[in-house]
Amino acid sequence: MESRLKDLVQHRGLLMMIFVLGIGGTFQYGFHISDMNAPSVFIKRFINTTWIYRYQSPVEDNTLRIIWSFIVSIFAIGGLFGSMGAGYLISKFGKKRCQLCSCVIPLCSAVLAGCSSTAKSFEMILIARFFDGINAGIGFTLHSQYAGEIAPKKLRGFTNTSISIFVTSGKMIGQIVGLRELLGTELLWPVLISLSGFWSLIQLCTLPFFPESPSYLLLKGDKEGCLKALKQLWGDGDYEAVINEMSKEQAARSGGKNLTVLQLLRDPSQRWQLYALIALTIALQLCGVNAIYFYASDVFKSAGFKPTQIPYLTIGVGICEATSVIFCSLVVDRFGRRFFLLGGYIMMVLALGLITITISFQAHATWLPYCSVFLIFLFVLSFGSGPGATTMTVIVEIFSQTSRTAALVMVGTINWAELFILGMVFPFIQAAIGQFCFLIFLVIIASCGIYLYFFLPETKGKSWLETKDDFNKYSCRRQNTDETSESQPDIYVISTRL
């Protein structure tokens with residue numbers, strides 16, 4: 001731990017850039033997942049008031065439900081568009097310039113959301129949420145790729161887990177500022193949903209002082225710029241060996257140009273990496289963590305906590321998740337990615353199974369609700385220190401620079417599509433089968449975990465070429481199995497009846 005802290009002090013330029021990337025990157029994604037929870041009552045009341053002002057009658061319940069669903073879900077639709085367009089924008093304009101341009105989007109959405117109450121227009125909130133989704137979709141892909149290219153091998157795990165740190169921090173900050181003591185009031189809710197502009201303004205003012213990623217500069221033939229960027233991020237030193245390794249990896253890539261999503265899907269040499277990407281992304285979004293947050297309030301209420309205490313307990317769950325991600329980031333380079341990822345899956349499966357039992361029978365014993373509270377915190381801890389922290393790290397490390405953009409576009413597309421579908425379908429599933437919905441997530445985690453146990457190599461301290469060789473072994477193993485079965489001669493057994 002002490003050596004890790006010394007490394008971070010030595011690489012303080014890298015540490016500052018991680019913060020600048022995160023505040024306008026995945027932090028925005030996490031913040032917008034939770035920032036609509038606290039002001040939901042006030043926004044629905046505002047919609048009703050606006051409807052009366054326009055049509056001299058209150059809005060019907062079904063109409064209000066549809067409008068609110070669109071306001072919430074259009075964020076995911078915007079994120080899907082942003083993720084799909086991120087690959088083209090990064091290839092054309094570069095990561096730094098693309099990130100700076102995307103900072104303007106939340107500033108526009110902040111103005112729309114902040115002025116919606118004065119203008120008596122809930123449509124402005126709808127448009128602002130769509131713009132926020134586009135920015136979050138672009139920022140998620142940019143942050144993930146940028147972070148994967150600016151860190152040395154010994155700090156690569158920490159740098160890549162910062163992607164998850166800022167997601168959980170964004171969710172936690174969204175919960176905190178939504179408290180009624182801060183911005184969660186009828187007067188201040190427009191300020192709360194406009195804060196995305198403030199986060200982007202921080203990045204817009206600070207990112208110009210940091211370099212483009214060193215590997216990107218070298219790919220463009222700017223070796224001097226690459227060396228200058230390395231010194232700014234990693235401190236003074238001799239980085240000739242690092243540059244040579246980058247050049248060797250780039251020479252091993254076909255053409256040196258970024259692959260499109262279609263080209264990546266057609267590339268047989270990266271088939272096993274794509275299988276791992278799909279399993280990791282499905283397990284991350286469909287692991288049930290959103291369902292846990294959904295049930296948390298009811299579980300806390302059943303345990304006897306006062307309604308005024310429940311928001312603070314929910315924040316405690318968010319702090320627990322953020323703390324576990326930060327802890328994992330400090331030790332992931334020592335124990336490896338598979339240890340935390342697979343260990344997290346095992347604990348999450350155990351917690352989901354037990355939560356289903358404790359919630360089902362909590363009316364029969366007064367101590368069972370407290371077990372449910374403990375299991376909620378256990379699940380969140382396991383998620384934060386397991387797939388929540390390491391999934392994006394592994395995805396970034398198993399793809400090369402030329403294929404990483406397309407891979408992250410796929411991750412973003414799958415992630416946003418799952419988020420939208422989950423938001424639309426989960427309320428109906430929960431209403432139909434109640435707490436037994438946890439069993440669906442249990443099966444998904446277990447299935448993906450078993451697959452990744454057999455077909456995901458360790459990426460700790462390895463270059464992309466070394467990781468590629470590990471994946472090639474799976475192809476060779478399958479090919480050898482097929483050849484063995486084909487080469488065996490047909491055996492005929494002749495017998496006579498006695």
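Since the model is a prediction, treat every value here as computed from it, not as a measurement.
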Inset, instruction - Please check if the distance between the ring centroids of Tyr275 and Trp272 is under 6.0 Å. - result: yes
Inset, instruction - Fit a plane to each ring of Phe27 and Phe31, take the angle between them on a 0 to 90° scale, and name the class: parallel (under 30°), tilted (30 to 60°) or perpendicular (over 60°). - result: parallel
Inset, instruction - State yes or no: are the ring centers of Trp189 and Phe46 separated by less than 6.0 Å? - result: yes
Legend entry - Interatomic distance, Thr281 atom OG1 to Glu418 atom CD [nearest 0.5 angstrom]: 7.0 Å
Legend entry - Note: Glu60-Arg65 ion pair, threshold 4.0 Å (strictly below): no
Inset, instruction - For residues Trp68 and Ser40, determine if any side-chain heavy atom of one lies less than 4.5 Å from a side-chain heavy atom of the other. - result: yes
Inset, instruction - Keeping the roles fixed (side chain from Thr356, backbone from Phe436), state whether a donor-acceptor pair exists under 3.5 Å. - result: no
Inset, instruction - Using modelled atom types only, decide if a donor and an acceptor are shared between the side chain of Thr391 and the backbone of Gly388 within a distance under 3.5 Å. - result: no
Legend entry - Donor-acceptor contact present, side-chain Thr185 to main-chain Leu188, <3.5 Å: yes
Legend entry - Cationic N near anionic O, under 4.0 Å, Asp61 to Lys44: no
Inset, instruction - Spell out, as yes or no, whether a donor-acceptor pair under 3.5 Å connects the side chain of Thr168 to the backbone of Ile165. - result: yes
Inset, instruction - Check the surroundings of atom CZ in Arg271: do more than 12 heavy atoms from other residues, nucleotides or ligands lie under 6.0 Å from it? - result: yes
Legend entry - Parallel, tilted or perpendicular: rings of Phe377 and Phe300 (30°, 60°): tilted
Legend entry - Trace of the side chain to side chain donor-acceptor pair (under 3.5 Å) decision for Ser403 with Ser400: CA-CA 5 Å; Ser403 59; Ser400 67; 3.1 Å; yes
Legend entry - Sequence-distant partners of Phe42, ring-ring contact (aromatic ring centres under 6.0 Å, His included), two or more places apart: none
Legend entry - Test item: side-chain donor near acceptor, Thr159 and Ser162, under 3.5 Å: no
Legend entry - Heavy-atom closest contact (Ile398 atom, Ala276 atom, distance): CD1-CB, 4.4 Å
Legend entry - Any donor-acceptor pair under 3.5 Å from Ser83 side chain to Leu80 backbone: no
Inset, instruction - Count the heavy atoms belonging to other residues, nucleotides or ligands that lie under 6.0 Å from OH of Tyr312, then report whether that count exceeds 12. - result: yes
Legend entry - Lys120 side chain near Thr49 side chain, heavy-atom distance below 4.5 Å: no
Legend entry - Closest approach of Ala151 to Leu155 (non-hydrogen atoms, all atoms of both residues): CB-O, 4.0 Å
Inset, instruction - Answer yes or no: is there a side-chain heavy-atom contact under 4.5 Å between Thr141 and Ile90? - result: yes
Inset, instruction - Would you confirm whether Glu458, through its side chain, and Arg337, through its main-chain N or O, come within 3.5 Å as a donor-acceptor pair? - result: yes
Legend entry - Candidate list Lys460, Lys462, Arg338, test salt bridge (charged side-chain N to carboxylate O under 4.0 Å, His left out), partner Asp470, passing option: Lys462
Inset, instruction - Nearest 0.5 Å please: distance from the CE atom of Met348 over to the CD1 atom of Ile355. - result: 10.5 Å
Inset, instruction - List the atom of Leu341, the atom of Pro387, and the distance in Å for their closest heavy-atom pair. - result: CD1-CA, 3.7 Å
Legend entry - Within-4.5 Å side-chain heavy-atom neighbours: Met347 and Phe379: no
Legend entry - Centroid-centroid under 6.0 Å between Phe75 and Trp416 rings: yes
Inset, instruction - Kindly indicate, with the supporting measurements, whether the criterion side chain to side chain contact (heavy atoms under 4.5 Å, CB included) is fulfilled by Ile193 and His32. - result: CA-CA 8 Å; Ile193 63 176; His32 286 297; over 6 Å; no
Inset, instruction - Could you label the plane-to-plane angle of the Phe441 and Phe438 rings as parallel, tilted or perpendicular, counting under 30° as parallel and over 60° as perpendicular? - result: tilted
Legend entry - Chi angles and distances behind the side chain to side chain donor-acceptor pair (under 3.5 Å) call for Gln270, Asp267: CA-CA 6 Å; Gln270 306 200 61; Asp267 187 356; 3.2 Å; yes
Inset, instruction - Would you check if the side chain of Asn135 reaches a backbone N or O of Ile105 as a donor-acceptor pair within less than 3.5 Å? - result: no
Legend entry - Expected output: side-chain Thr161 to main-chain Gly157 donor-acceptor under 3.5 Å: yes
Inset, instruction - Would you check if Phe455 and Phe471 make a side-chain contact, meaning some heavy-atom pair closer than 4.5 Å? - result: no
Legend entry - Phe131 atom CZ, over 12 foreign heavy atoms within 6.0 Å: no
Inset, instruction - Measure across Cys448 and Ile282 and return the closest heavy-atom pair with its distance rounded to 0.1 Å. - result: SG-CG2, 4.1 Å
Legend entry - Gln28 (side chain) donor-acceptor with Gly25 (main chain) under 3.5 angstrom: no
Legend entry - Atom pair CD1/CG of Ile357 and Leu375 - distance to nearest 0.5 Å: 9.5 Å
Legend entry - Derivation of the side chain to side chain contact (heavy atoms under 4.5 Å, CB included) call for Tyr345 and Leu452: CA-CA 10 Å; Tyr345 287 150; Leu452 293 170; 3.7 Å; yes
Legend entry - Ser372 vs Thr358, side chain to side chain donor-acceptor pair (under 3.5 Å): CA-CA, chis, key distance, verdict: CA-CA 6 Å; Ser372 299; Thr358 55; 2.9 Å; yes
Inset, instruction - May I ask you to decide if Ala110's main-chain N or O and Ser194's side chain share a donor-acceptor pair within less than 3.5 Å? - result: yes
Inset, instruction - Just do the side chain to side chain donor-acceptor pair (under 3.5 Å) check on Glu397 and Thr467 with the steps written out, would you? - result: CA-CA 8 Å; Glu397 291 177 347; Thr467 305; over 6 Å; no
Legend entry - Flag side-chain contact, heavy atom, 4.5 Å: Phe399 against Leu408: no
Legend entry - Salt-bridge contact Glu123-Arg54 (side-chain N to carboxylate O under 4.0 Å): yes
Legend entry - OG-CG distance between Ser324 and Leu381, expressed to the nearest 0.5 angstrom: 5.5 Å
Legend entry - Side chain proximity check, Thr390 to Asn160, heavy atoms < 4.5 angstrom: no
Inset, instruction - Kindly determine whether Val325 and Val167 satisfy side chain to side chain contact (heavy atoms under 4.5 Å, CB included), including the steps that lead there. - result: CA-CA 10 Å; Val325 173; Val167 172; over 6 Å; no
Legend entry - From CE (Met172) to CZ (Phe166), nearest 0.5 Å: 11.0 Å
Legend entry - Lys/Arg-Asp/Glu bridge criterion (N-O < 4.0 Å) met for Glu321, Lys171: yes
Legend entry - Glu149/Arg404 salt bridge by N-O under 4.0 Å criterion: yes
Legend entry - Heavy atoms of other groups near Tyr451 OH, more than 12 under 6.0 Å: yes
Inset, instruction - Run the numbers on Ile414 and Gln285 for side chain to side chain contact (heavy atoms under 4.5 Å, CB included), then give the verdict. - result: CA-CA 9 Å; Ile414 296 171; Gln285 191 58 251; over 6 Å; no
Legend entry - Shortest non-hydrogen separation from Arg129 to Ile71 and the atoms involved: NE-O, 3.2 Å
Legend entry - Closest non-hydrogen atom pair between Pro106 and Asp132, with its separation: CA-OD1, 4.2 Å
Legend entry - Side chain to side chain, Val411 and Leu284, heavy atoms closer than 4.5 Å: no
